[in-house]
Amino acid sequence: MKTAKRYFKNRELSEKEILLYQAVNGLLERGESLSELRVADIAKEAGIGKGTVYEYVASKEELLANSFLYQVWREVEQLQEQVSRCATFRELCRGIFDLVHRKAVSGTNIMSIAGAGELSPSLVTMMESVKEDFNLAAQKLFSLLDQILEQGIREGEINPASSPEYQHFVITGVCTSLVSRQCSGAAKDWETEQRLAYQM
């Protein structure tokens, strides 16, 4: 993942760090509980020694926070690929919705993890300490959303009189709603969900 490797904490990630972060997300995708993850299990999943983990992080909480940050950058990169590949606003929206859907059902969605009460106070504190890094990813995300929204304006799908803030609010609100509906089980079939989201 070039973006994650390049932008993560403004430095290049080592291959072992990437393996660790992918291991955390892989375990969560397979249904492991965040609160029950052990550093030894993560190291084993990554194929490295437990002692090696502490060459990169000081604690399990730092490892988890970094794993979430790495995952966010991977999603930003996936969205960048969608923007470069899709020709129309409708295609771009379907691409975004598909990314959101895959994330919602993967088990690594931070909203569902937080909603399940799995974020310990020490993990919340650690995530606060890397808030600037999450903000950098959010800035990149909003830059990509601007490109998508500009495409919608060019095609006449979005009212150009609405403010960029309102446009961001709507598209992020739709994506948040899709995640919430997927995580809660309230979603209808995926085609219907995408159609309704696009109408909004």
Side-chain angles (χ1 to χ4, degrees), residues 1-8 13 18 21-32 34 66-116 118 133-159 162 164-200:
M1 295 294 157
K2 292 177 186 170
T3 302
K5 285 185 74 169
R6 188 168 61 245
Y7 291 112
F8 187 94
L13 291 177
I18 292 171
Y21 304 149
Q22 289 174 337
V24 169
N25 290 305
L27 288 165
L28 292 174
E29 284 177 6
R30 290 202 304 272
E32 297 289 331
L34 182 67
N66 286 355
S67 298
F68 291 141
L69 182 59
Y70 176 77
Q71 187 66 23
V72 167
W73 274 112
R74 285 186 59 198
E75 290 163 15
V76 168
E77 185 169 71
Q78 289 168 356
L79 183 57
Q80 176 69 63
E81 290 169 5
Q82 290 285 347
V83 168
S84 63
R85 188 172 56 239
C86 297
T88 67
F89 180 67
R90 183 178 290 272
E91 288 174 353
L92 286 165
C93 286
R94 285 191 74 90
I96 292 170
F97 299 156
D98 282 339
L99 287 173
V100 167
H101 176 67
R102 284 197 308 271
K103 184 64 178 170
V105 299
S106 72
T108 62
N109 178 270
I110 194 67
M111 283 176 60
S112 59
I113 291 170
E118 291 203 53
D133 297 303
F134 279 105
N135 287 342
L136 184 62
Q139 289 170 15
K140 178 66 174 175
L141 176 64
F142 281 117
S143 173
L144 291 169
L145 288 179
D146 283 337
Q147 292 177 48
I148 294 166
L149 294 166
E150 286 166 12
Q151 179 76 20
I153 290 169
R154 282 194 299 274
E155 293 177 19
E157 294 291 312
I158 295 176
N159 180 353
S162 59
E165 293 81 12
Y166 176 77
Q167 294 168 7
H168 283 179
F169 188 84
V170 170
I171 199 164
T172 56
V174 167
C175 290
T176 302
S177 179
L178 280 172
V179 171
S180 175
R181 289 173 59 79
Q182 292 292 310
C183 293
S184 69
K188 301 182 186 310
D189 66 277
W190 183 233
E191 283 301 313
T192 301
E193 293 292 303
Q194 287 190 94
R195 181 176 50 77
L196 293 172
Y198 187 77
Q199 279 180 314
M200 288 189 69

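Along the sequence shown, the residues carry numbers beginning at 1. Heavy atoms only: backbone and side chains are in, while hydrogens, waters and symmetry mates are out.
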Does the side chain of [Y] come within less than 4.5 Å of [X]'s, by heavy atoms?
X      : Y      : value
Phe68  : Val24  : no
Tyr70  : Gln22  : yes
Val174 : Tyr198 : no
Leu149 : Pro164 : no
Glu155 : Thr88  : yes
Leu79  : Ile148 : yes
Gln82  : Asp98  : no

Under 3.5 Å, side chain of [X] to main-chain N/O of [Y], donor-acceptor pair present?
X      : Y      : result
Gln151 : Arg90  : no
Gln80  : Leu144 : no
Thr176 : Thr172 : yes

Find the distance between [atom1] ([X]) and [atom2] ([Y]) and round it off to the nearest 0.5 Å.
X      : Y      : atom1 : atom2 : value
Leu136 : Trp73  : CG    : CH2   : 4.5 Å
Glu157 : Cys93  : CD    : SG    : 8.5 Å
Ile171 : Ile158 : CD1   : CD1   : 6.5 Å
Lys140 : Glu77  : NZ    : CD    : 10.0 Å
Gln194 : Asp189 : CD    : CG    : 9.5 Å
Leu145 : Cys175 : CG    : SG    : 7.5 Å

Point to revise | Listed once per pair and sorted, the salt bridge (Lys or Arg N to Asp or Glu O under 4.0 Å) pairs that draw on residues 190-200, sequence neighbours left out | key: Arg94-Glu191, Arg181-Glu193
Revision key, fill the gap. Ring pair (Phe, Tyr, Trp, His ring centres under 6.0 Å) pairs touching residues 165-188, sequence neighbours excluded, are Phe142-His168
Exercise for review: Please name the pair of heavy atoms, one in Asn25 and one in Ser67, separated by the smallest distance, quoted to 0.1 Å.
Suggested key: ND2-O, 3.4 Å
